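Since this is a predicted model, take the numbers as computed values, not measurements. Counting convention: from 1, in listed order, for ligands and their atoms alike. Throughout, numbering of the chain's residues begins at 1 and tracks the sequence. Atom set for the values below is all heavy atoms of this structure, side chains included, hydrogens, waters and symmetry mates excluded.
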Amino acid sequence: MTTDGTQGNEFDALKFDLSGKVAMVTGASRGIGKSIALSLAACGADIVVNCNTGGQLAEAVRDQIRGMGRRCEYYAHNVADESEVEKMRDEIFRDFGQVDILVNNAGITRDKTFKKMTREMWDAVISVDLTGVFLVTKQFVDPMSERRWGRIINIASVIGEIGNFGQTNYAAAKGGLIAFSKALAREYARKGVTVNTVAPGFIKTEMTDAVPAEALKAVTDATPIGRLGLPSEVAAGVAFLASDAASYVTGHVLDINGGYAM
Ligand code: NAI
């Protein structure tokens with residue numbers, strides 16, 4: 001007997017098998033989102049890729065996933081724009097019929113000390129990293145609950161837990177995302193939908209390529225594991241949360257940060 005009461009080997013869930021599921025990953029043209037999309041495809045899911053610009057990066061991810069034998073399309077829409085998100089929902093439901101797993105990964109930074117932070121920098125980060133998650137989740141969570149199975153996985157950041165110099169906007173958005181996820185988890189827990197957050201530490205992507213080398217050295221010095229993380233190490237946590245193995249996990253914040261904060 002499995003955890004959901006169906007017949008089967010109790011260890012089947014440990015295969016993280018997502019065959020027959022459709023997983024949508026926002027911001028999946030590169031970096032952590034790309035790695036998450038590829039990992040969920042490796043687990044057997046068909047993949048909906050979102051990013052704000054299409055082009056070669058998105059096409060390469062799509063082609064790589066198709067090469068793994070999975071269905072994949074990409075949708076170039078801004079998650080912070082409500083009408084674009086609604087258009088994207090219509091296109092995805094037309095093409096895939098449903099979304100079972102939603103990974104809200106798209107995010108941006110606009111770093112400055114608070115003294116120099118402008119209203120535009122504040123609004124830009126809040127609108128993509130927090131409002132974008134609200135807008136996208138709104139389109140997909142209720143259809144999941146109607147089918148009594150769904151996974152929402154939000155990519156926050158260690159910065160949303162402990163703050164960071166020069167990132168008041170980003171810390172507010174990511175801290176807000178953690179709180180949002182816990183509140184949503186309570187609302188959907190009895191409807192078959194789990195809502196969890198992954199909080200990565202400093203991961204080697206183009207986002208951190210923009211961070212000055214001495215700042216990154218200070219981070220690795222303060223990280224017990226002694227290096228930056230890899231996108232695939234974040235994706236592994238997402239694959240667990242997406243799987244049936246995580247059926248009793250909701251409202252959780254999974255730290256993947258090499259021990260940087262604990
Ligand atoms: P990245 O900058 O390499 O990739 C960002 C992705 O988001 C791209 O695919 C881009 O097209 C997409 N995107 C940006 N704005 C968008 C919008 N308005 N609508 C749709 N898509 C949009 O970023 P990275 O490093 O891969 O980060 C991914 C997520 O992980 C972000 O939410 C970030 O805040 C978070 N994170 C990253 C860490 C790191 O060290 N790289 C650490 C902790 C969290």
Side-chain angles (χ1 to χ4, degrees), residues 24-39 47-62 74-89 92 102-111 123-137 139 153-164 167 169-178 180-181 197-212 215-216 219-220 223 227-235 237-238 253-258 260-261:
M24 171 176 177
V25 186
T26 69
S29 63
R30 65 183 207 184
I32 293 171
K34 175 181 175 180
S35 189
I36 292 169
L38 293 170
S39 299
I47 305 293
V48 173
V49 166
N50 156 264
C51 53
N52 55 345
T53 51
Q56 288 181 347
L57 288 179
E59 284 172 21
V61 175
R62 179 196 62 194
Y74 76 83
Y75 302 85
H77 290 292
N78 177 2
V79 296
D81 182 315
E82 189 165 4
S83 62
E84 281 198 46
V85 171
E86 286 171 357
K87 197 159 164 261
M88 175 166 69
R89 172 210 53 204
I92 292 167
L102 168 62
V103 184
N104 286 303
N105 164 81
I108 60 168
T109 51
R110 295 284 184 275
D111 299 350
D123 285 345
V125 169
I126 298 292
S127 68
V128 176
D129 297 19
L130 187 55
T131 309
V133 176
F134 167 79
L135 293 173
V136 176
T137 302
Q139 301 302 331
I153 302 159
N154 295 325
I155 309 303
S157 168
V158 66
I159 307 306
E161 300 176 294
I162 64 170
N164 196 23
Q167 291 197 303
N169 50 359
Y170 187 73
K174 295 300 191 180
L177 184 52
I178 291 170
F180 165 83
S181 306
T197 313
V198 172
F202 288 77
I203 308 298
K204 185 141 184 44
T205 67
E206 290 178 47
M207 185 180 268
T208 43
D209 285 349
V211 176
L216 285 184
V219 168
T220 49
T223 301
R227 61 171 173 83
L228 298 185
L230 301 173
S232 59
E233 291 172 319
V234 178
V238 174
V253 183
L254 178 57
D255 289 324
I256 301 180
N257 63 27
Y260 181 75

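- Among Gly107, Gly33, Ala173, the residue whose heavy atom lies closest to atom 5 (C) of ligand 1 is Gly107.
- Closest to atom 41 (N) of ligand 1, if we only count protein heavy atoms, is Thr205 OG1, 3.0 Å.
- Proximity of Ile108 to ligand 1, defined as any heavy-atom pair under 4.0 Å, is confined to the side chain (atoms from C-beta onward).
- Across every non-hydrogen atom of Val234 and Ile32, the tightest pair is CG1-CG2, 3.8 Å.
- Heavy atoms of Asn50 found under 4.0 angstrom from ligand 1 belong exclusively to the side chain.
- Annotation for ligand 1: atoms under 4.0 Å from non-hydrogen atoms of His77 are 19 (N), 20 (C).
- At least one donor-acceptor pair under 3.5 Å links the side chain of Thr26 to the backbone N or O of Asn105.
- At the shortest separation from atom 12 (C) of ligand 1 among protein heavy atoms lies Gly27 CA, 3.4 Å.
- Atom 26 (O) of ligand 1 has as its closest protein heavy atom Ile32 N, 2.8 Å.
- Side-chain atoms of Asp81 come within 3.5 Å of backbone N or O of Glu84 as a donor-acceptor pair.
- Residue contact check for ligand 1: Gly201 places a non-hydrogen atom closer than 4.0 Å to it.
- A heavy-atom separation below 4.0 Å is found between Ala156 and ligand 1.
- When heavy-atom distances to ligand 1 are checked against a 4.0 Å cut-off, Asn52 comes that close through both its backbone and its side chain.
- Distances below 4.0 Å separate heavy atoms of Asn78 from the following atoms of ligand 1: 17 (C), 18 (N), 19 (N).
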inquiry  = If you apply the rule side chain to side chain contact (heavy atoms under 4.5 Å, CB included), what do you find for Asp129 with Leu177, and how did you get there?
reply    = CA-CA 8 Å; Asp129 297 19; Leu177 184 52; over 6 Å; no
Worked verdict on Asp255 versus Val158 for side chain to side chain contact (heavy atoms under 4.5 Å, CB included) = CA-CA 7 Å; Asp255 289 324; Val158 66; 5.7 Å; no
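- Within 6.0 Å of CD in Glu82 there are 12 or fewer heavy atoms belonging to other residues, nucleotides or ligands.
- Taking 4.0 Å as the cut-off, Asn105 counts as a neighbour of ligand 1 on heavy-atom distance.
- Not one N or O on the side chain of Lys34 forms a donor-acceptor pair closer than 3.5 Å with the backbone of Ala58.
- When all heavy atoms of Val25 and Gly33 are compared, the closest pair comes out as CG1-O, 3.6 Å.
- Close N/O approach between Ile203 and ligand 1 is found [any backbone or side-chain N/O within under 3.5 Å].
- In this structure, Lys34 has no heavy atom closer than 4.0 Å to ligand 1.
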Step-by-step side chain to side chain contact (heavy atoms under 4.5 Å, CB included) determination, Lys204 to Asp209 = CA-CA 7 Å; Lys204 185 141 184 44; Asp209 285 349; 3.0 Å; yes
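- What you find for Ala124 and Arg110 is that their closest heavy atoms are CB-CG, 4.3 Å.
- Nearest to atom 2 (O) of ligand 1 among the protein's heavy atoms is Arg30 NH2, 2.7 Å.
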task = Show the numbers, then the answer: is there a side chain to side chain contact (heavy atoms under 4.5 Å, CB included) between Thr205 and Arg30?
result = CA-CA 8 Å; Thr205 67; Arg30 65 183 207 184; over 6 Å; no
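- Using 4.0 Å as the threshold, Lys174 has a heavy atom nearer than that to some atom of ligand 1.
- At least one heavy atom of Ala28 sits less than 4.0 Å from an atom of ligand 1.
- At a 3.5 angstrom cut-off on N or O pairs, Ser157 does not count as close to ligand 1.
- Of all atoms in ligand 1, numbered sequentially from 1 with element shown, those under 4.0 Å from a heavy atom of Gly31 are 26 (O).
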